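Source: prediction; values computed, not measured.
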Amino acid sequence: PARVPALLQKAIAHDWADAQHEYGRFFREKADADYEAGKIGEREKEALQIQVRHWMQKAADQGHPTAQSELASLWYFGIGGPQDHARARH
């Protein structure tokens, strides 16, 4: 997305967990703000939430502790994909 700083985009391209986590947060904040402002509907919000889970998963797979915690919450509540309490605990 155009609002993502170039430096963050480069870090994401280099597979840096901190950048992946921040990118996931970017999508989460965009989904929430745009939905609350009426700029997007439920379908668009869900598409952004899929991106949140994707980027949190990438960061979590590299051991990023905050991403791991946030990913567990996404799994627990079924945000950005299916709900899975077992995966949320691991």
S.K.: Please report the shortest heavy-atom distance between His21 and Ala59, naming the atom on each side.
M.R.: N-CB, 3.7 Å

S.K.: One pair to check against side-chain contact (heavy atoms from CB on, under 4.5 Å): His64 and Thr66. What are the steps and the verdict?
M.R.: CA-CA 6 Å; His64 192 285; Thr66 307; 3.6 Å; yes

S.K.: Taking Phe77 as the starting point, is it possible to reach Leu71 by hopping between hydrophobic residues whose side chains are less than 4.5 Å apart?
M.R.: yes

S.K.: Less than 4.5 Å apart, any side-chain heavy atom of Val52 and any of Ile79?
M.R.: no

S.K.: According to a hydrophobic-cluster definition based on side-chain heavy atoms being under 4.5 Å apart (Ile, Leu, Val, Met, Phe, Trp, Tyr only), do Met56 and Trp16 belong together?
M.R.: no

S.K.: Suppose we screen for salt bridge (Lys or Arg N to Asp or Glu O under 4.0 Å). Which residues come up paired with Glu29, at least two apart in sequence or across chains?
M.R.: Arg25

S.K.: Check for me whether Arg53 meets the cation-pi criterion with Trp75, that is, NZ or CZ under 6.0 Å from the six-membered ring centre and within 45 degrees of the ring axis.
M.R.: yes

S.K.: What are the two closest heavy atoms between Gln20 and Ile12, and how far apart are they?
M.R.: N-CG1, 4.4 Å

S.K.: Restricting to non-hydrogen atoms, name the atom on Ala67 and the atom on Ala60 that form the minimum distance, rounded to 0.1 Å.
M.R.: CB-N, 3.8 Å

S.K.: For the CD atom of Gln68 and the CG atom of Asp61, what is their distance to the nearest 0.5 Å?
M.R.: 8.5 Å

S.K.: Is there side-chain contact between Lys45 and Asp34, with heavy atoms separated by less than 4.5 Å?
M.R.: no

S.K.: Decide side-chain contact (heavy atoms from CB on, under 4.5 Å) for Glu42 and Tyr35; before the verdict, give the C-alpha distance in whole Å, the side-chain angles of both, and the deciding distance to 0.1 Å.
M.R.: CA-CA 7 Å; Glu42 190 68 32; Tyr35 184 74; 2.9 Å; yes

S.K.: By ring-ring contact (aromatic ring centres under 6.0 Å, His included), which residues pair with Tyr76, not counting sequence neighbours?
M.R.: His85

S.K.: Could you tell me which residues satisfy side-chain hydrogen bond (donor to acceptor under 3.5 Å, both in side chains) with Arg28, sequence neighbours excluded, listed by chain and number?
M.R.: Glu70

S.K.: Could you tell me if the side chain of Asp32 sits less than 4.5 Å from the side chain of Leu48, heavy atoms only?
M.R.: no

S.K.: Please work out which of the three classes, parallel, tilted or perpendicular, describes the rings of Phe27 and Tyr23, given edges at 30° and 60°.
M.R.: perpendicular

